[in-house]
There are 2 protein chains.
Amino acid sequence: MTTCAAQTSPRKRAGNGAVQRNDADEVGLDALVGHAGYAVRRFQIWIFQDFIKTLGEVDIRPTQYSVLTVIGANPGLSQMAVAKRLGIERARLVHLLDSLEQRRYVKRIKSKTDRRSHALYLTAPGAAALSKFKRLAAEHERHVEAKLGRENRQHLLRILADFT
Amino acid sequence: MTTCAAQTSPRKRAGNGAVQRNDADEVGLDALVGHAGYAVRRFQIWIFQDFIKTLGEVDIRPTQYSVLTVIGANPGLSQMAVAKRLGIERARLVHLLDSLEQRRYVKRIKSKTDRRSHALYLTAPGAAALSKFKRLAAEHERHVEAKLGRENRQHLLRILADFT
DNA sequence: TATTGTTATACTCTATAACTATA
DNA sequence: TATAGTTATAGAGTATAACAATA
């Protein structure tokens, strides 16, 4: 990953109007520097890739991890409640739960009180698996700390606390 | 968006093993709190939605904006160079440029020196349009500042500077 | 042989709409 | 009528592989 200082005008522009090619490593970003969204997007790509790689041996992706974590911490939750809490579409959660149920990590139990809804639970193997996932996720988090620095990571979490 | 304090054990768990349902607003996140990736993902969703909304009147999305900005700042760049700089697949850039070229914002000129590659330029209307997009993007950035606070936004940019 | 742009495929994710069975 | 879960579709975005033209 290259670092690129802010600049307000094109770099290495030829004065005579000729075509001026740049190497990829020295391509200016102009207005992109200073956009929080751009930095956040690039960081998110890096962090998700590290998460996917670190949890690759157990084949768990960030969204699956978040679903298992919320169910583990809130047994009996409905699909709507999980979807709302994580900000994912309920239609999408259906497929996520299908795959987690096929892997025997999660059970859908018909609710007695509202027969439209399902209460969600981890299975015993699911709970055991989640423990392992959490250890691997903690390892991933140490990669983040190594990348950002301890202070910066904690400050980042404080700055973004309202979004969790 | 709700705020949720850190917690290490399930909230409102019934001691008798009975089904315990929670309202969506008080669903615990357990291990998700403390994960930088989760906070960053939620923030990125918020920031992209605001960008898309703020630039909705001109129908420009974040990726399109980043492509136009890089071409504007580095005229004559090849597709490979743009793709590398922005971290997008060259196959994906083909479609992005197709749509930007159809809208007459961008030109692909066959390179004289390497006839495999295209040199990319903004058209005159494309350059004028980009100026307007930049004004709207600055407005979006003020929304980010209002959301995070001035100091926090600047600190965030410093923390993530290596990823741009 | 390697690279540039292109086409194609597949899978993830987001955003909708519509359907069913309940409430 | 409204809501929970489901199914389906369409559009981004990501990740590949393969191909033609060119280096």
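These values consider heavy atoms only, across backbone and side chains, with no hydrogens, waters or symmetry-generated copies. In what follows, chains are A, B, ... by sequence order, proteins preceding strands, each numbered from 1.
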Report summary line: Quick tally for nucleotides 18-23 of chain C: nucleotides whose base has a protein heavy atom under 4.0 Å get B, sugar-phosphate-only ones S, the rest -, giving B--BBS
Report summary line: Taking C:dT4, C:dT16, D:dG5 as options, the one with an atom nearest any side-chain atom of A:A91 is C:dT16
Report task. Write out all pairs satisfying ring-ring contact (aromatic ring centres under 6.0 Å, His included) with one or both partners inside residues 65-92 of chain B, taking only residues at least two apart or from two chains. Result -> A:H35-B:Y65, B:F51-B:Y65
May I have the distance from [X] (atom [atom1]) to [N] (atom [atom2]), rounded to whole angstrom?
X     : N      : atom1 : atom2 : answer
B:L97 : C:dG5  : CG    : C1'   : 10 Å
B:K84 : D:dT14 : NZ    : C1'   : 19 Å
B:H95 : C:dT9  : NE2   : P     : 11 Å
A:R42 : D:dT14 : CZ    : C1'   : 14 Å
B:M80 : D:dT22 : CE    : P     : 19 Å
B:D98 : C:dT7  : CG    : C1'   : 11 Å
B:L93 : C:dT6  : CG    : C1'   : 12 Å

**Report entry** By ring pair (Phe, Tyr, Trp, His ring centres under 6.0 Å) - contacts of B:F48 (at least two apart)
**Finding:** none
Identify the pairs formed between an N or O of the protein and an N or O of nucleotides 10-14 of chain C at a distance under 3.5 Å, and give each distance.
| from | atom 1 | to | atom 2 | distance (Å) |
| --- | --- | --- | --- | --- |
| C:dC13 | OP2 | A:R92 | NH2 | 2.2 |
| C:dC13 | O5' | A:R92 | NH2 | 3.0 |

Requested in this report: Using side-chain hydrogen bond (donor to acceptor under 3.5 Å, both in side chains) as the criterion, list what pairs up with B:N152, not counting sequence neighbours.
Outcome: none
Report summary line: Taken in chain and number order and not counting sequence neighbours, the residues that satisfy side-chain hydrogen bond (donor to acceptor under 3.5 Å, both in side chains) with A:Y38 are A:R42
Just distance, no hydrogens or angles: give the donor-acceptor pairs under 3.5 Å from side chains in residues 91-99 of chain B, sequence neighbours left out.
| from | atom 1 | to | atom 2 | distance (Å) |
| --- | --- | --- | --- | --- |
| B:D98 | OD1 | B:R108 | NH2 | 2.3 |
| B:S99 | OG | B:L96 | O | 3.4 |

Query raised in the report: Taking it one step at a time, do A:R90 and A:Q79 satisfy side chain to side chain contact (heavy atoms under 4.5 Å, CB included)?
Result: CA-CA 7 Å; A:R90 70 188 201 274; A:Q79 297 186 194; over 6 Å; no
Query raised in the report: Which distance, rounded to the nearest 0.5 Å, do you find between the NZ of B:K84 and the CG of B:L77?
Result: 11.0 Å
**Report entry** Residues that B:R104 engages under side-chain contact (heavy atoms from CB on, under 4.5 Å), provided they are two or more places apart
**Finding:** none
Return a table of donor-acceptor pairs under 3.5 angstrom between the side chains of residues 128-138 of chain A and protein atoms on other chains or two or more places apart.
| from | atom 1 | to | atom 2 | distance (Å) |
| --- | --- | --- | --- | --- |
| A:S131 | OG | A:A127 | O | 3.4 |
| A:K134 | NZ | B:D30 | OD2 | 2.7 |

